[in-house]
Amino acid sequence: MAERPFVHRSVREIKDIVYQAISEELRISIRHLDTGMNFTELGLNSVGATRVVADIGGKLDTELYPTLIFEYQTPEALASHIAEQLTQESAAYAATALETAGGAVEPRPEERQDIAIIGMGLRIPGANSLEEYWELLYSGRSAIREVAPGRWSDDKHVNADAGVLHTSYIGKGGFIDAPYDFDPLFFGMSPKEAESTDPQQRIFLQICWEALQQAGYGGKYRTRKIGVFAGCEQNTYMEHFANYRSFMLIKERLLDSPAFSGMQPAERQEILARISGVLEPARLVADVVAGNGLNEVAARVSHCLNLSGPSLIVNSACSSSLVAIHMACESLRTGQSEMALAGGVNLNLSPTPFVSLSRVTALSPTGECYPFDQRANGMVLGEGAGAVLLKPLHAALRDGDHIHAVIKGSAINNDGRSQGITAPRPQGQAEVIREAFMRTGIHPETISYIETHGTATPLGDPIEIEGMTRAFSSFTDKKQFCGIGSVKSSVGHMLSAAGVTSLIKVVLSLKHQILPHTVNYEQPNPNIDFERSPFYVVDKHPRRWEAAGAAPLRASVNAFGFGGTNAHVILEQAPPEAVVLPDSLQPAPQLLLLTGRSELGLRQVAGKLRAYLADNQEVSAAAVCRAMNRSQKELPVKAAAVVTSREHLAGILSVVEDGGSLAEILRGRANPNRTTPVQWVLDGGNALNGQELAAVSVRFPGFGLAYQEVMEAAGGASPQIECLAIQFALGKLLLDVGIRPMAILAEGAGILAALMLTGRITLRQAVLFIQDGREPARDSSPIPEGLVKCAVVIPSGIVDQQSMDGLWPLIAESMVNGLVRTDVEQSLEAGDTLLICGSLRRRDSMSLESIRGVQTICLLIEHDPVENLLRAMAELYVLGVPFDPAGLSVPSGRTLTLPTYPFENATYKAQFEDEILLPQASGTPYVDPNSRKGLIKVEV
């Protein structure tokens, strides 16, 4: 209720006026008005409700909000509320604010824990990327259009006559392009399975992957404790499979009909073809079951990306995706997830959603969306998907993640009993907003923008503004300090994907520090009094967004849905990033790893990265290589190189993009689902000068620590002690990045290093043996758990866990001998990789490169050890030896958001060809048309 002068009227007088206005609208006698009956049961619709409130306000000479009937749902409740307000001198919201503030409970630490948004992906009308989305927002374009020919069946689904029950009175909406396009082989799915799978599952899977890769977590060396929370509420793709049964039953009945059998074959064929054209059936094969369950929207992501956190769908209608984000944050705060993917998806692949919402006249009859505007006449349906990757802020800062924005807190609730199960209630919306602010401890005056639900329904928008006003008025009397907007006039109302689309809009606005304007807003809805509210509409053009005072930029996102579930999320701009050193001040060189599902895919990856490098002159080669190496999913086709500068990196990428070759670019193919076995050779002959030792220790701190550990245990340097320290440190570095050998072949000081790395002897025993030349006394301390469990091949034989007795005599004998070629050959099998951590001279003396079926790599750490080590890692990568490249990268600020993998999409849509219009001959086997040859070409 708006502000009004104090009026002296009795309660009875006021109630009589209210009852009289309701009775006149219902055209009944006031004596027949059941004041305890719900307005819906009385037959009062939303238009009539608006007239009633206006009539009451006029008779009482006061201004009333038209949303009152949705909160006070019977004539008695409405009359009592108005009488109470007009017979008391105190303002309604002052008491509410005092009660809220007085009863506030200090939020628990886990409730205050900030959540970072570290990755985002989307596919919405007019935008397939974050960059395209921002361009659409900034330019003020609308992606709403007529449904494209061929999207639905050829039947007439649109009829301007709203009384026709099987059609929609409007066919305009927000539609994405190519909804059936997908790259199944990237995710380990077959083309046949893809055809049977709801495109909602496919698209949500792709954008979740994009969010993961963008954040730098596309590789397998990440936590699996990642939750998936997906908002979704409908599956129109399933209609094809459900209609298959209907079509077959209709066909069977027709074939049993004498009238149908008496027709000419061409006539029968035409009738069946027409029925098939309406139903668009698709065979109900086994893949359809998991491919079309709503639960599998989330489960498909967890399955294909191997994530083990909580995985579930959320269906609270239009608020689904924002509720999913709230639940994901709670999962992070309780430790159930270490990261979480959250968002929503909705596709209108058939006219059913349009037809259904036409029955409740929810759609705009003009197909235009006018949020908050006097022309508001209903929503415009949209479709799409969005997902964000979330992580506790402290963990994101610790791990150097790129932070798009911070979720300070959120809240959800339900309206309870309202005017109707689909009717919003301002009191419930006010409560959820208050709770969000109380939980975070943030004052609403520091919020300078709210992305509203804003569906442009005549009463929905006023109800939302009323609820927001009530919530803010509990904390402040300031007017028109907070901008509001709605993206739905640009892309439509995406139902279960609406909330995440709104949230991503706010995140992009925080990043650019610009508030995009709301399209189609000119004059305010007469049922909204903006002048007496804390809000104004961001209209006409984008405007700079600057924080008032010391607080950072803050905004929030509002959502509510059919059924009364409300959600509110509070956001804050990302904390400032640390200054990153230019390439000239960062250690070089860098390792670059590239991978693709095919040669074409690899070239596209290189091309996109080259373009990114050209468009972002401020980024360093170290930062690009670090992000690229961490973010990729390992695929069959590989390329790798060691780069020394931005210019060198750009040149390497250009050559790969063009399909060229250079000696410094290594290439290979390896099945990512199989591990190429690797064996090490520690020849004990490495020696580094002071400058080389410092260079490798600075670049790889783990190497330096292991080297120092040996030297401190020895208490003094000697040639053999230094060789032991280098061999042990090198082995420790390889193990730290995840290279696990099948066996270690060792000679000289490498024998002791290998036995230390496998936990068979202690460092103290190794040092004493070198210093005294005798078998050391049994170490009183227990032998530590081995760093790696594998056999050690030495000149005197194989040392395994069963041959520990008499070990030291074997070591003493082997220290004065060397390995021979037959020792190596007997240990290796075809397909193995041999990593020689030693000298070229030793490799050549045993002719190790000529061992048949074995790939040999020589890791030389003298003479530029850093570049040689990275070169060896590049060779291992293209051969399919797995390792975690993060341990080889240089810290370079927060992770860059690089271009994501270019999916090799093709169209996968279930088709139905009724080849046999008449019954098959007895014994004729059924042949699935999807299995015929030539259906699709697959390149692996």
ask   = Which pair of heavy atoms, one from Phe372 and one from Asp461, lies closest together, and at what distance?
value =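 Looks like N-OD2, 2.8 Å.
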query = How close do Glu383 and Asn348 get, heavy atom to heavy atom, and via which atoms?
reply =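 Closest pair (atom of Glu383, atom of Asn348, distance): OE1-N, 2.8 Å.
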Residues which pass ring pair (Phe, Tyr, Trp, His ring centres under 6.0 Å) with Phe562, listed by chain and number, not counting sequence neighbours =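 If we apply the ring pair (Phe, Tyr, Trp, His ring centres under 6.0 Å) test to Phe562, skipping adjacent residues, there are no hits.
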Which residues share a side-chain hydrogen bond (donor to acceptor under 3.5 Å, both in side chains) with Glu24, sequence neighbours left out =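 Gln20, Lys59.
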task = Sequence neighbours left out, what passes side-chain hydrogen bond (donor to acceptor under 3.5 Å, both in side chains) with His493? Give chain and number order.
result =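 Applying side-chain hydrogen bond (donor to acceptor under 3.5 Å, both in side chains) to His493 gives none.
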request  = For atom CZ of Arg27, decide whether the heavy atoms of other residues, nucleotides or ligands shown that lie under 6.0 angstrom number more than 12.
outcome  =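 Open.
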query = What do you reckon, is CZ of Arg543 surrounded by more than 12 foreign heavy atoms closer than 6.0 Å?
reply =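 Yes, enclosed.
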inquiry  = Pairing donors with acceptors under 3.5 angstrom, does anything connect the side chains of Asn346 and Glu233?
reply    =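 The answer is no; no qualifying pair exists.
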Side-chain H-bond candidate by donor/acceptor type, Asn558 with Glu464, under 3.5 Å =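 Side-chain D/A pair, Asn558 to Glu464: present.
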task = Could you tell me whether Arg333 and Glu330 have a side-chain N and a carboxylate O separated by less than 4.0 Å?
result =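 Yes.
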message = Looking at Lys172 and Glu368, is there a salt bridge between them, counting it only when a charged N and a carboxylate O are closer than 4.0 Å?
response =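 Judged by the 4.0 Å cut-off on N to carboxylate O distance, Glu368 and Lys172 do form a salt bridge.
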request  = Over 60° means perpendicular and under 30° means parallel, so classify the ring planes of Phe535 and Phe472, tilted if in between.
outcome  =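 Ring orientation, 0 to 90° scale: perpendicular.
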message = Tell me which one of Glu572, Glu451, His568 satisfies side-chain hydrogen bond (donor to acceptor under 3.5 Å, both in side chains) with Ser556.
response =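 Between Ser556 and the candidates, side-chain hydrogen bond (donor to acceptor under 3.5 Å, both in side chains) is satisfied uniquely by His568.
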request  = Please round to the nearest 0.5 Å and tell me the distance separating atom NZ of Lys408 and atom CD1 of Ile570.
outcome  =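 The NZ atom of Lys408 sits 9.5 Å away from the CD1 atom of Ile570.
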